[in-house]
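Below: the structure, in structure tokens.
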Amino acid sequence: MSTITLTLPDQSTLTVPRGTTALEVAESLGPRLAQAAVVAELNGQLRDLNLPLTEDGQLRLLTGETPEGHEVLLHSTAHLMAQAVKELFPEAKVTIGPAIENRFYYDFDIDGTFSEEDLRQIETRMKELAKRNYPVHRKELSRAEALELFRSMNESYKVEILEDIPDGETISAYEQGDFIDLCRGPHVPATGKIKYFKLLDSSGAYWRGDERNKMLQRIYGTVFATKDGLKGYLRQLEEAKKRDHRKLGKELELFTFDEEVGPGLPLWLPNGAVMVEELEALAKETERKAGYVRVRTPHLTKGQLYERSGHLEHYRDSMYPAMDVDGIEYYVKPMNCPHHHKIYASSPRSYRDLPLRLAEYGTCYRYEKSGQLFGLMRVRSMQMNDAHIYCTHEQFKEEFLAVCRMYLYYFDIFGIEKYEMRLSLHDPADLGGKYINEPELWLQTEQAVREALQEGDLNYVEIPGEAAFYGPKIDVQVWSAIGREFTLATNQVDFAIPARFDLTYTDEQGREQTPLCIHRAPLGTHERFIGFLIEHFGGDFPLWLAPVQVAILPISEKSHAYAKTLEQRLFAENIRVQLDLRPDKIGAKIRQAELKRIPVMLVVGEREAEQQTVSLRRRFEGDLGTQSVEDVTALLTDEIKHRRRPHRKIR
RNA sequence: GCCUACGUAGCUCAGUCGGUAGAGCACUUCCUUGGUAAGGAAGAGGUCACCGGUUCAAGUCCGGUCGUAGGCUCCA
């Protein structure tokens with residue numbers, strides 16, 4: 001009998017008979033590994049544990065706790081769910097059921113919808129099927145066999161998928177008990193590997209994501225290799241719910257929506273407006289130091305401008321319809337760029353004027369489809385931390401790098417530890433079509449952006465074929481303290497618009513040149529950014545950003561007079577104070593201030609009044625004892641001035 | 001925009017079979033004058049999202065509109 005030699009991750013080698021399965025290898029290495037393994041990787045290729053090994057190679061046995069293993073586990077659980085659904089709803093047709101991050105889903109074509117009761121039943125059935133520990137078999141089929149099989153089962157969606165699989169590709173199906181599903185695999189060797197799962201929710205989803213297609217019913221679920229993994233994930237979902245910006249926005253009275261004002265049009269309440277103003281102050285200060293100048297532009301503009309900019313051509317669906325003014329069509333502005341271009345064009349520019357950096361917290365209105373509105377994250381009116389940098393080709397890289405550094409500066413202030421810049425590049429095959437036909441300029445600019453990202457030591461990935469039609473685009477993804485992902489902002493390099501607007505400058509030789517334009521918005525929009533901050537900080541904002549910074553809590557009426565003089569002293573230091581004169585006991589006042597997430601509490605009674613001191617209490621730190629008013633104000637003003645983050649870990 | 005679910009006091013939520021609306025918190029007043037996460041009592045607060053229909057009778061059943069949410073698609 002011939003043998004094969006396998007090299008394990010620790011570089012030890014193992015010689016086994018040809019045809020041994022990876023599962024058998026795992027068993028020989030130890031029952032715990034065999035128990036935990038869900039999939040094998042041979043020479044970098046994932047494959048089923050129960051397939052015979054026929055060649056030498058590097059073998060890894062992956063448990064459900066590895067990223068690859070977890071994905072397989074998720075995918076296999078989707079199959080298990082489909083099996084349960086087919087048993088309970090035989091008329092349901094299966095479609096697709098992939099793994100996504102930490103979750104899986106499966107789409108079914110079924111009359112009606114799945115109720116919560118249905119989900120409970122499906123979950124119970126899944127538990128039974130898992131317990132029966134059906135072996136999961138891979139079957140390779142010819143196209144004809146596969147078509148016949150799925151036609152006979154009346155699985156028309158699978159037939160449609162089969163028809164799209166290119167010739168020459170291996171067609172495989174996976175079978176467990178009575179259930180068989182077209183699938184590339186790999187899968188766990190038996191349903192008993194699936195232990196810690198939960199169905200999460202159901203919703204509609206179009207077949208192939210196309211709204212012209214039939215609406216299918218999607219069920220989402222999750223699975224983990226360990227009980228703790230599942231519990232941890234469910235806890236994280238709970239935590240995310242508690243930090244939901246819509247919930248906290250209400251509780252902390254930051255913003256509201258009103259039916260009569262309109263959907264997607266937030267009203268900033270006084271507390272929220274404080275945050276808006278603090279963010280603007282930060283942006284203004286940062287941009288002034290970085291050589292930006294501020295401009296202001298109107299909310300309304302003639303359609304003509306948007307014809308020139310190309311917005312009416314490319315962007316009309318996202319714009320509010322025109323209004324007729326004296327027979328001329330006017331639009332509310334969806335973007336600030338055309339106005340900034342007009343400001344650039346308002347006077348002749350010399351190379352000496354460049355780079356020209358025009359900044360504005362511009363108000364924009366975009367007609368978002370009703371179904372995509374979402375709290376503050378997707379709205380119809382927004383204020384953007386916008387700026388356009390007009391520069392020469394030579395200046396481009398340095399300007400772009402400076403923008404990147406500004407991002408890092410902000411990330412540090414807000415304690416954003418995880419971020420990713422996604423550099424979207426053009427596809428040379430699409431030049432002249434999807435992309436403006438400037439091959440040299442594309443390559444040159446993309447290279448300059450790449451170099452800037454590298455020099456700035458920024459974390460970035462490249463995505464081919466996703467650029468805007470007029471230049472490369474950099475999307476900035478950030479992750480909040482609880483790991484939720486947000487698209488914070490988009491930077492774009494623009495070589496088309498300056499030409500559309502006839503923007504020029506005179507170079508050293510007196511020749512007319514076209515500048516490059518960088519669109520940038522590091523703080524995104526107030527709406528989305530504050531939405532992000534609410535969830536990131538869980539409502540516990542750094543002192544400089546907190547709507548109410550200090551609560552003054554008199555012990556009893558006897559110290560009201562002193563509390564009032566204290567309030568005046570803090571006002572004089574520009575500290576945002578709230579004085580609690582309600583006839584409650586001190587414990588109740590503290591509780592109220594804690595619930596409102598006021599970072600600093602000053603408890604004052606007769607002792608403090610006599611000594612001109614305060615008793616300092618901070619959130620997450622508790623009672624910090626008696627201190628002089630001078631010391632406390634100095635401490636607070638310093639913390640505010642330097643925009644320090646909260647002392648505690650955010651998580 | 002599409003599918004589904006939901007909409008009751010400022011907030012969180014009860015409200016059974018269709019019989020004219022309830023709690024807790026917050027609010028107001030009074031008592032209490034207190035020492036680091038809820039002192040006590042009383043009061044006020046509602047066009048049950050809106051419009052229409054069925055019915056002797058609608059928060060409840062039916063239809064429509066508006067709004068919100070979870071998805072699909074798109075995006076700051």
Side-chain angles (χ1 to χ4, degrees), chain A residues 105 107 112-116 200-220 244 246-247 250-251 253 256-265 315 317-318 334-336 362 364 366-386 473 475-477 486-492 519-529 531-532 551 553-560 582-596 601-608 615-619 621-626:
Chain A
Y105 66 83
D107 288 347
T113 57
F114 292 112
S115 65
E116 282 185 29
L200 298 171
D201 43 27
S202 67
S203 64
Y206 299 104
W207 168 235
R208 300 199 153 159
D210 189 329
E211 64 186 22
R212 288 165 301 192
N213 288 341
K214 181 158 188 197
M215 174 75 61
L216 307 170
Q217 292 303 314
R218 173 173 297 182
I219 304 180
Y220 285 95
D244 190 306
R246 294 163 300 184
K247 181 172 141 68
K250 217 176 253 177
E251 283 172 15
E253 297 172 88
T256 189
F257 290 91
D258 186 284
E259 278 194 31
E260 275 190 287
V261 174
L265 303 171
Y315 204 73
D317 287 350
S318 302
M335 286 180 178
N336 306 302
C364 297
R366 298 184 185 174
Y367 176 74
E368 300 287 353
K369 289 195 265 176
S370 62
Q372 32 200 49
L373 299 174
F374 173 69
L376 280 183
M377 297 297 184
R378 262 317 255 292
V379 290
R380 286 177 171 169
S381 74
M382 69 210 81
Q383 246 183 306
M384 210 186 301
N385 172 223
D386 215 354
K473 173 175 95 161
D475 287 316
V476 183
Q477 299 296 114
F486 295 82
T487 301
L488 181 66
T490 300
N491 293 347
Q492 287 163 353
H519 306 234
R520 44 110 279 175
L523 298 179
T525 61
H526 281 318
E527 288 71 20
R528 187 172 285 185
F529 196 66
F532 165 78
L553 311 177
I555 300 269
S556 76
E557 267 174 44
K558 290 176 191 156
S559 34
H560 279 191
R582 291 174 307 177
D584 284 325
K585 287 169 79 169
I586 193 63
K589 290 183 185 183
I590 286 170
R591 184 179 145 81
Q592 274 310 309
E594 292 276 358
L595 288 176
K596 290 289 178 191
M601 285 154 261
L602 301 179
V603 176
V604 291
E606 289 171 278
R607 280 206 301 273
E608 287 78 8
S615 171
L616 176 64
R617 178 188 166 102
R618 297 198 64 153
R619 245 172 100 64
E621 293 178 72
D623 189 352
L624 298 172
T626 303

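Order of the sequence lines sets the chain letters (A, B, ...), proteins ahead of strands, with each chain counted from 1. Keep in mind it's a predicted model, so treat the numbers as computed, not measured.
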Minimum-distance pair of heavy atoms, taken over all atoms of A:Gly531 and A:Met377: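 Scanning both residues, the minimum pair turns out to be C-CE, 3.3 Å.
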Which atom of A:Gly264 lies closest to which atom of A:Leu373, heavy atoms considered: N-CD1, 3.9 Å
Hey, is the side chain of [X] poking within less than 4.0 Å of OP1 or OP2 on [N], counting only N and O atoms?
| X | N | answer |
| --- | --- | --- |
| A:Tyr367 | B:G1 | yes |
| A:Tyr220 | B:C72 | yes |
| A:Lys369 | B:C2 | no |
| A:Thr487 | B:C75 | no |

For [X] and [N], what is the distance between atoms [atom1] and [atom2] respectively, to the nearest whole Å?
| X | N | atom1 | atom2 | result |
| --- | --- | --- | --- | --- |
| A:Glu259 | B:C66 | CD | P | 11 Å |
| A:Leu373 | B:U73 | CG | P | 17 Å |
| A:Trp207 | B:C72 | CH2 | P | 16 Å |
| A:Arg246 | B:U68 | CZ | C1' | 9 Å |
| A:Leu216 | B:G71 | CG | P | 17 Å |
| A:Lys247 | B:U68 | NZ | C1' | 16 Å |
| A:Gln217 | B:G71 | CD | P | 14 Å |

Intermediate values then yes/no, salt bridge (charged side-chain N to carboxylate O under 4.0 Å, His left out), A:Asp107 and A:Arg218: CA-CA 4 Å; A:Asp107 288 347; A:Arg218 173 173 297 182; 2.7 Å; yes
Measure from the side-chain heavy atoms of [X] and tell me the nearest of [options].
| X | options | result |
| --- | --- | --- |
| A:Ile555 | B:A76, B:G35, B:G1 | B:G35 |
| A:Lys250 | B:A26, B:G67, B:C11 | B:C11 |
| A:Glu557 | B:U33, B:C72, B:G35 | B:U33 |
| A:Arg378 | B:A76, B:C3, B:G35 | B:A76 |
| A:Arg528 | B:U12, B:A76, B:G34 | B:A76 |

Pair assignment for [N], Watson-Crick or G-U wobble, requiring both distances under 3.5 Å:
| N | answer |
| --- | --- |
| B:C2 | B:G71 |
| B:G24 | B:C11 |
| B:G34 | none |
| B:C50 | B:G64 |

Would you classify [X] as touching base, sugar-phosphate or nothing, given that sugar-phosphate means primed atoms plus P, OP1 and OP2, and contacts are heavy atoms under 4.0 Å?
| X | value |
| --- | --- |
| A:Phe257 | nothing |
| A:Ala521 | nothing |
| A:Ser370 | base |
| A:Met384 | nothing |
| A:Glu606 | base |
| A:Thr525 | base |
| A:Glu253 | nothing |
| A:Leu553 | nothing |
| A:Arg208 | nothing |
| A:Tyr105 | nothing |
| A:Glu527 | nothing |
| A:Gly622 | nothing |
| A:Tyr315 | nothing |

pair A:Met382-A:His526: side-chain heavy atoms closer than 4.5 Å: no
Close side-chain approach of A:Thr626 and A:Glu608, heavy atoms under 4.5 Å: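 SC-SC contact between A:Thr626 and A:Glu608 confirmed.
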Pair A:Thr487-A:Gln477, side-chain donor/acceptor within less than 3.5 Å: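 Result is yes, a qualifying pair exists.
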Letter per nucleotide, 5' to 3', of nucleotides 37-46 of chain B [B base touched, S only sugar-phosphate touched, - untouched; heavy atoms, 4.0 Å]: BBB-------
